[in-house]
Amino acid sequence: IYEGSGDTKVLVTGFQPFPADEWHENVSAVAVQALDPAALHGARVMRLVIPVEYDRAAAEVTDAIARCAPDIVISFGQGGDAIALEEVAYNLQDTSEVAGGVPDNRGIVRAAVPSDPAAPATRDTLLPLDAIEQALIRLGEAPQHSRDPGRYICNNVMFADIGAMAGKRAGFIHLPYTTDFDDAARARFGRIAGAAIQAVVDQK
């Protein structure tokens, strides 16, 4: 269901807790749930919180794209210590740099497995990252550009997003890893998500 009254349809996604039994929420889901569609101009927003699973996460996003025909897709994930505007997604599922690999929330470990054997090795973001960066700086944030979204579920979703949107606006933003979600933190991440959305809508 799209919320809001604008003409531009925006699908925003975040993730369920990771690991599955983690005691705190995933910052990406907090941001998606805390954003205020009524504060956006020209946009209608659909929110989707997806599982931290290789196949299901990408499948749920691509299914939503096919069914709901968004004009823009922005996926958010839980990252390191900064807001990372991801520039490129890789056709690779691989956590072998960690001994034994990193299982997804269904226990699946992948090493050197392509996301889509028929697809190219990389897909560049379709989001106007410079416009997003400036919007976030105006909020007092310090976003960084990144060419390394990992080779885990976030990267997998970004790769699927871009492929499914076929040239329309689509991409991925990592939010800083956070475990404390008081009212101020929720409001902050909601503002970050809203500012990123508005920046893309304004550039459409």
So if you build clusters from Ile, Leu, Val, Met, Phe, Trp, Tyr with side-chain heavy-atom gaps below 4.5 Å, do I83 and L139 land together?
yes
For a side chain to side chain contact (heavy atoms under 4.5 Å, CB included) with Q198, tell me which candidate from I132, V10, L40 qualifies.
L40
Would you say the side chain of H41 lies within less than 4.5 Å of the side chain of V201, judging by non-hydrogen atoms?
no
In terms of heavy-atom contacts, does CG of D183 have more than 12 from other residues, nucleotides or ligands at under 6.0 Å?
no
Are F76 and Y2 connected in a single hydrophobic cluster, I mean Ile/Leu/Val/Met/Phe/Trp/Tyr linked by side-chain heavy atoms less than 4.5 Å apart?
no
Please tabulate, for side-chain N and O atoms in residues 168-175, each donor-acceptor pair with protein atoms closer than 3.5 Å (sequence neighbours left out).
from, atom 1, to, atom 2, distance (Å)
R169, NH1, L126, O, 3.4
R169, NH2, Q203, O, 3.4
H174, ND1, E86, OE2, 2.7

Locate the shortest heavy-atom distance separating P17 from N105; write the atom from each residue and the value.
O-ND2, 2.9 Å
Salt bridge or not for R67 and D63, using N-O below 4.0 Å?
yes
Distance-only donor-acceptor check, side chains N156 and S115, under 3.5 Å
yes
R151 side chain to L92 backbone, donor-acceptor under 3.5 Å:
no
Please check if I197 and L11 belong to a single hydrophobic cluster, counting links between Ile, Leu, Val, Met, Phe, Trp and Tyr side chain heavy atoms closer than 4.5 Å.
no
Tell me which pairs pass side-chain hydrogen bond (donor to acceptor under 3.5 Å, both in side chains) where either residue lies in residues 46-61, with sequence neighbours left out.
E3-R47, E53-R56, E53-R106, D55-R110, R56-E60
What's the verdict on side chain to side chain contact (heavy atoms under 4.5 Å, CB included) for L35 and I192, showing C-alpha distance, side-chain angles and the deciding distance?
CA-CA 8 Å; L35 75 90; I192 290 170; over 6 Å; no
Would Q33 and V49 count as a side chain to side chain contact (heavy atoms under 4.5 Å, CB included) here? Give the steps.
CA-CA 9 Å; Q33 291 163 344; V49 177; 3.8 Å; yes
Residue pair S28 / N26, side-chain donor-acceptor N/O under 3.5 Å
yes
So which atom in A89 and which in P149 form the shortest heavy-atom distance, rounded to 0.1 Å?
CA-CG, 4.5 Å
Over all atoms of both residues, closest heavy-atom pair of A111 and D94
CA-OD1, 3.7 Å
So that I know where these two stand, are H24 and Y177 an aromatic pair - ring centroids less than 6.0 Å apart?
yes
Quick one: does F189's side chain get under 4.5 Å of V32's, heavy atoms only?
no
Among the clusters formed by ILVMFWY side chains lying less than 4.5 Å apart, do V52 and M158 turn up in the same one?
yes
When you look at V61 and I50, which way does the side chain to side chain contact (heavy atoms under 4.5 Å, CB included) test go after all the steps?
CA-CA 8 Å; V61 175; I50 55 180; 3.7 Å; yes
Test log, rule side chain to side chain contact (heavy atoms under 4.5 Å, CB included), inputs F18 and I153:
CA-CA 11 Å; F18 172 77; I153 315 298; over 6 Å; no
Taking the side chain as every heavy atom from C-beta outward, state whether P176 and D81 have any pair of such atoms under 4.5 Å apart.
no
Under the criterion salt bridge (charged side-chain N to carboxylate O under 4.0 Å, His left out), I'd like the reasoning laid out for R123 against E87: C-alpha separation, chi angles, the key distance, then a yes or no.
CA-CA 9 Å; R123 285 174 173 156; E87 296 180 348; over 6 Å; no
For the CG atom on D7, are there more than 12 heavy atoms of other groups (residues, nucleotides or ligands in this structure) within a distance under 6.0 Å?
no
Decide, yes or no, whether a salt bridge links R188 with E141 under the criterion of side-chain N to carboxylate O below 4.0 Å.
yes
